[in-house]
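Numbered from 1 within each chain, the chains take letters A, B, ... in sequence-line order. Side-chain atoms are counted along with the backbone in the values below, which use heavy atoms only and exclude waters and symmetry mates.
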Amino acid sequence: MDFIRSMISRDLKTGKYDGRVVTRFPPEPNGFLHIGHAKSICLNFGLAAEHAGGICHLRLDDTNPDTEKAEFVEAMKRDIRWLGFDWEEHLYHASDYFEQLYRYALVLVDKGLAYVDSSTEEEIRERRGSVTTPGINSPYRDRSREENRDLFQRMRAGEFPDGSHVLRAKIDMAHRNMIMRDPLLYRIRHSHHYRQGDDWPIYPMYDFAHCLSDSVERITHSLCTLEFENNREIYDWLLVHVDAPVPRPEQTEFAPLVLDYVITSKRKLKELVRTGHMRGWDDPRMPTLAGLRRRGVTPEAIRKLCDMVGVARTQSRVDFGKFEFAVRDDLNRRAPRAFCVLDPLKVVLTNYPAGREEIFSAPRMPGDAAGSGTRELPFGREIRIDREDFAEEPPPGFHRLVPGGEVRLKYACTIRCDTVVKDEAGRVTELRCSFDPATRGGLAPQGRRVRGIIHWLKADRAVRAEVRLIDRMFAVPEPPSDDIVGALNPDSERIVASALVEPGVAGTPPGTHYQFERHGYFFSDPVDSGEDRLVFNRTVTMRDSWGARLRRRSPGIDGPRASDPERPDGDDGGTIRRPLSPEETLASDEERRRFRDLRSLGVSAAAAASLVRSPTAMELFEAARARYPEGVASIAAWLVNDFTRLLGSDDRTDAARLEPVAFADLVRAVDSEDLSHRQGRTVLAALLTRGGSLEEARAAADLAEIDDEGTLRDMLEGLVEEFPDKAAAFRDGRTGLLGFFVGQVMRRTRGKADPRAVSRLAEGILSAPGD
RNA sequence: UGGCCCGUCGUCUAAUGGCAGGACACCGGUCUUUGGAACCGGGGGUGGUGGUUCGACUCCACCCGGGCCAACCA
């Protein structure tokens with residue numbers, strides 16, 4: 001279960017959203033959906049489907065009139081449906097909320113939390129400062145509410161030209177989060193909106209429109225990719241300050257899908273289409289859903305990939321092999337088999353009568369796939385095989401056709417190569433072979449084991465087809481963002497104008513999957529293929545252990561593969577540096593002075609360094625020390641190791657509740673073994689959440705402890721009986737399993753057992769020889 | 001010289017403080033009329049250093065490494 005699903009389960013349990021799960025997929029209709037969007041679609045729609053009453057909205061985030069088109073909306077709808085998801089009646093447009101958004105903006109203006117800035121774009125940029133220097137206030141920042149309202153209303157009325165004013169939130173120009181430095185809320189844009197026409201001369205910015213659209217739609221979980229992390233702060237700020245209804249939607253970020261050899265920047269994909277490097281958004285080499293579909297990738301495969309990749313916050317790159325696996329895994333089950341000869345080499349069977357034809361039959365699907373039926377393969381004196389299935393000088397391990405050698409023609413018979421015919425240039429033009437009638441129809445006489453099995457086609461019955469050998473879009477796993485074009489794989493599409501396919505393939509309708517045996521999975525092009533012209537796109541090659549072996553032997557023959565063990569981008573490990581001592585990590589002389597004071601009191605170096613850095617902890621330390629002077633070292637250790645954690649973060653509000661006296665008493669109780677360390681932690685948690693004295697917290701916390709040896713022994717012996725294999729493994733040296741047994745006891749006693757006693761007993765019981 | 005986020009097999013991803021597991025890739029084997037598929041087996045991991053704890057991938061500190069943020073884009 002991923003962290004988002006865990007969070008939703010938690011929310012469901014606590015009733016945070018009254019049991020509602022409402023997600024949304026919010027693309028901007030300025031291009032085509034790609035494989036990266038697929039992850040988000042699977043997540044958002046998947047989440048809705050997994051929960052009773054769950055809903056996922058499709059919202060077109062159309063707040064930028066200059067880039068958006070109805071055509072893209074239609075394409076997106078088609079692609080989402082194709083992927084297998086349905087928004088039912090929940091189709092929305094951010095532009096439908098323009099009026100509502102405008103009113104929210106007026107709320108901010110009237111609260112004095114938004115102002116009209118009449119600076120130029122450059123001025124605004126300059127005054128924003130940098131990540132290390134604060135920004136400076138705009139001269140227009142202190143306009144009166146009345147003036148702001150008037151100006152903003154006139155912006156809306158269309159009185160001003162583009163760029164003359166913007167509406168900004170009034171937050172803090174020195175904020176450490178750049179996004180919070182008075183973010184722009186509205187800009188003036190006299191553009192035609194594909195949906196709203198010319199009704200609006202002002203358009204809301206993403207940060208303003210997005211959270212409010214979520215709120216308007218009563219979204220519960222607003223999921224987006226990691227790059228919006230910094231935007232979460234403004235998301236929450238706006239909802240609070242416009243008094244959006246509670247419970248409010250919450251933004252959670254997850255890692256985007258990044259695939260080796262692929263880019264998912266809509267801007268760059270658009271550029272490749274515009275410049276003609278790609279024939280269109282649906283070019284089979286494109287990572288767009290339209291391109292993948294045309295290439296023959298199935299929705300099931302894409303969903304499978306998303307499934308395998310999972311959802312996490314870790315910045316990740318997915319091996320291209322994982323994509324290929326997902327595609328093959330699906331196509332293997334659904335694609336009927338056929339023969340295809342890409343690079344024909346003439347083969348004459350000298351002992352087969354000219355003019356005669358016989359028919360071999362072959363299964364449409366391998367094995368005994370029920371009801372898949374058979375196909376017919378005509379056979380005769382003159383056939384064609386793939387040129388790469390013959391080698392005059394075979395590399396070691398090659399087991400296809402060689403001079404004087406034998407191969408099996410799949411589903412037909414074995415042949416022996418007697419003569420190699422070449423032209424003046426030395427190129428092989430024909431093989432003269434003899435066939436073995438005893439092997440006809442696939443019979444295999446005893447003791448005759450032929451290693452190589454190749455596909456073939458009868459020359460005069462083969463059908464011509466155009467085959468497009470699609471390969472990875474880029475030549476390198478991580479195309480540099482500053483030179484996308486230079487990184488393109490020059491062999492991303494090799495067109496074989498006259499390949500040959502078996503007769504049964506003739507008349508294949510567009511949009512049909514095949515496995516061309518030993519070559520890979522192919523898909524009849526939905527656009528270019530038709531009655532009179534067969535065009536196939538290669539969806540993916542077969543898994544190719546022979547090719548992999550050759551590449552290993554001579555790397556560079558086919559460029560690096562994502563799945564190769566050695567990637568070209570090596571890390572040099574970085575410089576090894578001597579670790580700093582705790583004292584050396586201190587910034588100022590003052591800190592170092594206090595550090596030495598603490599050390600002289602007997603506080604450990606690590607604890608002292610941490611204490612010195614935290615004023616809150618230091619204050620508590622001093623107060624607690626007054627109560628329990630002999631316990632300085634323990635107090636410091638508790639403060640550093642447990643107190644910070646229970647606080648959860650830098651939020652020090654809980655700290656106020658902690659009575660230094662109670663805290664000191666607690667440390668003393670543990671030091672004197674009046675409480676175990678474990679119990680001490682429980683009590684500290686109680687002290688932090690409810691305050692009060694040590695006695696009160698002790699009473700509130702359930703501290704009953706099981707340390708009765710007989711009870712614990714019984715439990716442990718029961719466990720040894722229950723898990724004899726684990727007990728045996730422990731005796732064989734897997735000492736880590738001690739933790740398993742201790743853990744089981746702790747779990748079954750709901751944490752009430754004394755772990756030290758359990759551990760000691762368990763060791764004795766487990767070490768005793770079993771019976 | 002900032003803030004926020006993130007570091008688990010080669011890759012992706014799990015593990016209320018208690019057995020470091022799964023998938024892809026890789027290697028080996030069985031079987032096979034696809035150098036395919038299926039099945040079986042194998043190697044391989046918690047960025048580092050300290051600390052807390054009976055016990056740390058998990059908590060604390062520091063270090064190292066990576067990502068994001070200074071569009072009137074989203």
Look at [X] and [N] and indicate whether a side-chain polar atom (N or O) is within less than 4.0 Å of OP1 or OP2.
{"X": "A:S545", "N": "B:G36", "value": "yes"}
{"X": "A:R187", "N": "B:C73", "value": "yes"}
{"X": "A:R128", "N": "B:C72", "value": "yes"}

Pick base, sugar-phosphate or nothing for [X], based on heavy-atom distances below 4.0 Å to the nucleic acid.
{"X": "A:S191", "answer": "nothing"}
{"X": "A:V640", "answer": "sugar-phosphate"}
{"X": "A:F208", "answer": "nothing"}
{"X": "A:R337", "answer": "base"}

Task: A:E271: salt bridge (charged side-chain N to carboxylate O under 4.0 Å, His left out) partners, not counting sequence neighbours - done: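 Scan of A:E271 (salt bridge (charged side-chain N to carboxylate O under 4.0 Å, His left out), adjacent residues dropped) gives A:R274.
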
TODO: Using the test salt bridge (charged side-chain N to carboxylate O under 4.0 Å, His left out), find all partners of A:K322 that sit at least two apart in sequence or belong to another chain.
DONE: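 For A:K322 there are no salt bridge (charged side-chain N to carboxylate O under 4.0 Å, His left out) partners, ignoring immediate neighbours.
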
Polar-atom pairs under 3.5 Å, protein N or O versus N or O of nucleotides 37-41 of chain B: list them with distances, or write none.
from	atom 1	to	atom 2	distance (Å)
B:A37	OP2	A:R543	NH1	2.8

Task: Nucleotide pairing, RNA chain B (Watson-Crick or G-U, distances under 3.5 Å), in dot-bracket with [ ] and | - done: .((((((..((((....[..)))).(((((.......)))))....(((((..]....))))))))))).....

- [ ] Tell me, please, which residues at least two apart from A:T120 pass side-chain contact (heavy atoms from CB on, under 4.5 Å).
- [x]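 By the side-chain contact (heavy atoms from CB on, under 4.5 Å) rule, A:T120 matches A:E122, A:E123.
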
Open item on the list: Given A:H165, which partner from the list A:Y115, A:F160, A:F152, A:Y186 fulfils the ring pair (Phe, Tyr, Trp, His ring centres under 6.0 Å) test?
Closed with: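 In the set A:Y115, A:F160, A:F152, A:Y186, the residue that makes a ring pair (Phe, Tyr, Trp, His ring centres under 6.0 Å) with A:H165 is A:F160.
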
TODO: Please determine, for the side chain of A:M542, which listed nucleotide (B:G2, B:U34, B:G35) has the closest atom?
DONE: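 Minimum distance to the A:M542 side chain belongs to B:U34.
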
TODO: Output yes when A:K304 and A:D329 qualify as a salt bridge under the 4.0 Å nitrogen-oxygen rule, no when they do not.
DONE: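 Here A:K304 pairs with A:D329 in a salt bridge, since their nearest N and O are under 4.0 Å apart.
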
Open item on the list: I'd like the C1' distance from B:C72 over to B:G66, given in whole Å.
Closed with: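 Their C1' atoms lie roughly 32 Å apart.
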
Open item on the list: Would A:H210 count as stacking on B:A74 if stacking means ring centres less than 5.5 angstrom apart and planes tilted under 30 degrees?
Closed with: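 It does not: the ring fails the test against the base of B:A74.
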
Please enumerate all protein N or O atoms sitting under 3.5 Å from an N or O of nucleotides 14-16 of chain B, with distances to 0.1 Å.
from	atom 1	to	atom 2	distance (Å)
B:A14	OP1	A:V311	O	3.2

